[in-house]
*Asks:* 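The structure's right below; bear with me while I get my questions together.
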Amino acid sequence: QVYYNFKDLFTVNHLNLPRLPIPKLDDTLDKYLESLRPLTDPETLEAHTKAVNQFRNTDGLRLQQELISADNHEGYPYNYVQKYWDDMYLELR
């Protein structure tokens, strides 16, 4: 069974896909805290919760707006993650 047809590389344009949506800051931070719950003790979780809430109300808002502004264009990068991914993982190659 063939799962991928290489001829389709030349006939299908994956760049026509819609841009990835940027997750809401509150959703991201809430998921982060939820992921810590089974991994940490209550004191550590409380410390992280305080730090996250401070970030949520200060730098987080500014950084989220910068991310949204930087993603408001056409072309490369094709989603809000791509440039950072390329810089971190591909630049050293």
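For this chain, numbers begin at 1 and follow the sequence in order. Just so you know, these numbers come straight off a predicted model, no measurement behind them.
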*Asks:* Do any N or O atoms from the side chain of N53 and from the backbone of T49 form a donor-acceptor pair under 3.5 angstrom?
*Replies:*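 The answer is yes, because a donor-acceptor pair under 3.5 Å joins these two groups.
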*Asks:* List for me each residue that meets side chain to side chain contact (heavy atoms under 4.5 Å, CB included) alongside I68, sequence neighbours excluded, and say none if there are none.
*Replies:*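 Partners of I68 under the side chain to side chain contact (heavy atoms under 4.5 Å, CB included) test: I22, Q64, Q65.
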*Asks:* Output all residues satisfying side chain to side chain contact (heavy atoms under 4.5 Å, CB included) with Q82, sequence neighbours left out; order by chain, then residue number.
*Replies:*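 Partners of Q82 under the side chain to side chain contact (heavy atoms under 4.5 Å, CB included) test: Y76, P77, Y78, N79, D86.
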*Asks:* Given a cutoff of under 4.5 Å between side-chain heavy atoms of I, L, V, M, F, W and Y, with clusters grown through shared members, what are the other residues clustered with Y32?
*Replies:*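 Y32 shares its hydrophobic cluster with L25, L29, L33, L36, L45, V52, F55, L61, L63.
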*Asks:* Who pairs with D41 by side-chain hydrogen bond (donor to acceptor under 3.5 Å, both in side chains), at least two apart in sequence or on another chain?
*Replies:*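 Per chain and number, D41 pairs via side-chain hydrogen bond (donor to acceptor under 3.5 Å, both in side chains) with T44.
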*Asks:* Residues in side-chain hydrogen bond (donor to acceptor under 3.5 Å, both in side chains) with K31, at least two apart?
*Replies:*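 K31: no side-chain hydrogen bond (donor to acceptor under 3.5 Å, both in side chains) contacts found.
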*Asks:* Looking only at non-hydrogen atoms, find the nearest pair between Y80 and P21 and report the distance.
*Replies:*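 Looks like CE2-O, 3.3 Å.
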*Asks:* Can you find a heavy atom in the side chain of H73 that is under 4.5 Å from one in the side chain of R19?
*Replies:*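 Yes - at least one pair of side-chain heavy atoms lies under 4.5 Å apart.
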*Asks:* Go through the structure and list residues passing salt bridge (Lys or Arg N to Asp or Glu O under 4.0 Å) with D30, not counting sequence neighbours.
*Replies:*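 Salt bridge (Lys or Arg N to Asp or Glu O under 4.0 Å) list for D30, sorted by chain: R56.
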